[in-house]
Amino acid sequence: MAVVDGTWWQIILQALWLMLPAYLANMAPVFVGGGAPIDGGRIWKDGNPILGPGKTWRGLLLAPLVAAVLVIVLDWIARAGYLDGVGVVSFGGPAIAFVFGYILGLGALVGDAVKSFFKRRRDRERGAPWPPFDQLDFVVGTLVFGHVFALLMWPVLGENWMLVRWGGWHYAVVFLLTPGLHFLVNVLGYMIGKKEVPW
Ligand code: CTP
Ligand code: MG
């Protein structure tokens, strides 16, 4: 499946390469979010909010822009050849990098909002811990959006971008490393006063 492979550290770097936009998009809402909630403050039939006040339109639509800008930078780094030894790949120029980055970021935020829907159904309030779903919701969203986008772009790019770049080990790396990274980042966010709880 994957033509990009290599030693274990190359696989870790390749996996993180594609997940960096998701990590950034997932962190961005505490800075760019707020304002009108996606659910309009409406209540589900179980008496809990549909998504809750922590899921806002600004977070959903602006956070992916941060990912898009990051992917333009990653694409540039790869095309400049700085990381040739690592086996990471360019996204194919700034325009496609921007669109792909936005889609990856949007996937992260949609995954996060879908998680919140089910979290509210399980009577967990905004910000309450719900492991491992809080840690992996955005990863699943990014992977789903990335795969669908790569499939749609296949005729244009001449290859299925995700399938060519990713094999089973990349998924294993992402699902094993993300909860730990997520925890570290949230502790940091808590320390700088941007998160109310350290998870
Ligand atoms: N945020 C936002 N819009 C989004 C997602 C997040 O404005 N679509 C902001 C909110 O201020 C939120 C913060 O980022 O409180 C942290 O995001 P997250 O941890 O995903 O939300 P929680 O508050 O923990 O809510 P939930 O319990 O629903 O996950
Ligand atoms: Mg949370």
Side-chain angles (χ1 to χ4, degrees), residues 15-16 18-74 97-149 171 173-199:
L16 294 182
L18 199 61
M19 276 301 130
L20 277 178
Y23 293 154
L24 202 66
N26 188 54
M27 282 185 254
V30 295
F31 301 102
V32 301
I38 300 169
D39 64 9
R42 282 187 290 272
I43 300 296
W44 192 253
K45 47 189 178 254
D46 58 11
N48 296 330
I50 300 177
L51 298 176
K55 301 295 118 126
T56 68
W57 284 111
R58 272 198 355 233
L60 179 73
L61 300 175
L62 293 184
L65 279 179
V66 181
V69 171
L70 173 71
V71 173
I72 290 180
V73 175
L74 295 180
F98 181 85
V99 178
F100 201 20
Y102 192 88
I103 298 281
L104 292 176
L106 193 62
L109 271 293
V110 169
D112 172 60
V114 169
K115 181 276 322 268
S116 289
F117 175 81
F118 290 106
K119 193 171 171 180
R120 299 297 94 82
R121 305 291 73 75
R122 305 298 293 266
D123 291 332
R124 282 175 175 78
E125 289 179 0
R126 170 192 185 176
W130 194 31
F133 306 105
D134 286 317
Q135 287 74 30
L136 293 172
D137 51 8
F138 70 101
V139 171
V140 175
T142 289
L143 289 174
V144 170
F145 272 52
H147 275 292
V148 171
F149 182 70
Y171 294 96
V173 163
V174 163
F175 281 99
L176 288 174
L177 287 190
T178 300
L181 286 173
H182 187 272
F183 180 71
L184 283 179
V185 166
N186 281 333
V187 169
L188 257 166
Y190 176 69
M191 279 161 52
I192 65 168
K194 276 288 173 187
K195 290 270 306 179
E196 280 171 24
V197 285
W199 50 76

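Both counts, for ligands and for their atoms, begin at 1 and track the order of listing. One is the number of the first residue; the rest follow in order along the sequence. What you see below is based on every heavy atom in this structure, not just the backbone, and it leaves out hydrogens, waters and symmetry mates.
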Compute both the distance and the angle, then confirm whether R121 meets the cation-pi test with F117: under 6.0 Å from the six-membered ring centre, within 45 degrees of the axis.
yes
Out of E125, R124, K55, R126, the nearest non-hydrogen contact to atom 29 (O) of ligand 1 is supplied by K55
For L109, which part has a heavy atom under 4.0 Å from ligand 1: side chain, backbone, both, or neither?
side chain
d(D46 CG, D123 CG) to nearest 0.5 Å is 6.5 Å
Lys/Arg-Asp/Glu bridge criterion (N-O < 4.0 Å) met for D134, K119:
yes
So the atoms of ligand 1 within less than 4.0 Å of a heavy atom of D112 turn out to be 5 (C), 20 (O)
Is the closest side-chain heavy-atom distance between V140 and K115 below 4.5 Å?
no
With a 4.0 Å cut-off on heavy atoms, does G127 reach ligand 1?
yes
Less than 4.0 Å is my threshold; does some heavy atom of R120 fall inside it relative to ligand 1?
yes
Hey, does K115 sit under 4.0 Å from ligand 1 if you only count heavy atoms?
yes
Within 4.0 Å of some non-hydrogen atom of L60, the atoms of ligand 1 are 8 (N)
Measuring from atom 5 (C) of ligand 1, which candidate in G54, G33, G59 has the nearest non-hydrogen atom?
G54
Give every donor-acceptor pair under 3.5 Å between a side-chain atom in residues 59-67 and any protein atom, sequence neighbours left out.
none

Side chain or backbone, does L51 bring an N or O within less than 3.5 Å of an N or O on ligand 1?
no
Can you tell me how far CZ of F175 sits from CG of L143, rounded to the nearest 0.5 angstrom?
5.5 Å
Once side-chain hydrogen bond (donor to acceptor under 3.5 Å, both in side chains) is applied, what residue pairs with a partner in residues 23-45 remain, sequence neighbours excluded?
Y23-T178
Would you say G34 contacts ligand 1, with heavy atoms under 4.0 Å as the rule?
yes
Report the part of V30 in contact with ligand 1, treating N, CA, C, O as backbone and CB onward as side chain, heavy atoms under 4.0 Å; options are side chain, backbone, both, neither.
both
Should you measure from each heavy atom of K119, which atoms of ligand 1 turn up under 4.0 Å away?
26 (P), 27 (O), 29 (O)
Could you tell me, atom by atom, which parts of ligand 1 come under 4.0 Å of a heavy atom of S116?
26 (P), 28 (O), 29 (O)
Out of curiosity, F118 CZ to D137 CG, how far, rounded to the nearest 0.5 Å?
12.0 Å
Reported CD1-to-CD1 distance for the pair I38 and I50, which is rounded to 0.5 angstrom:
11.0 Å
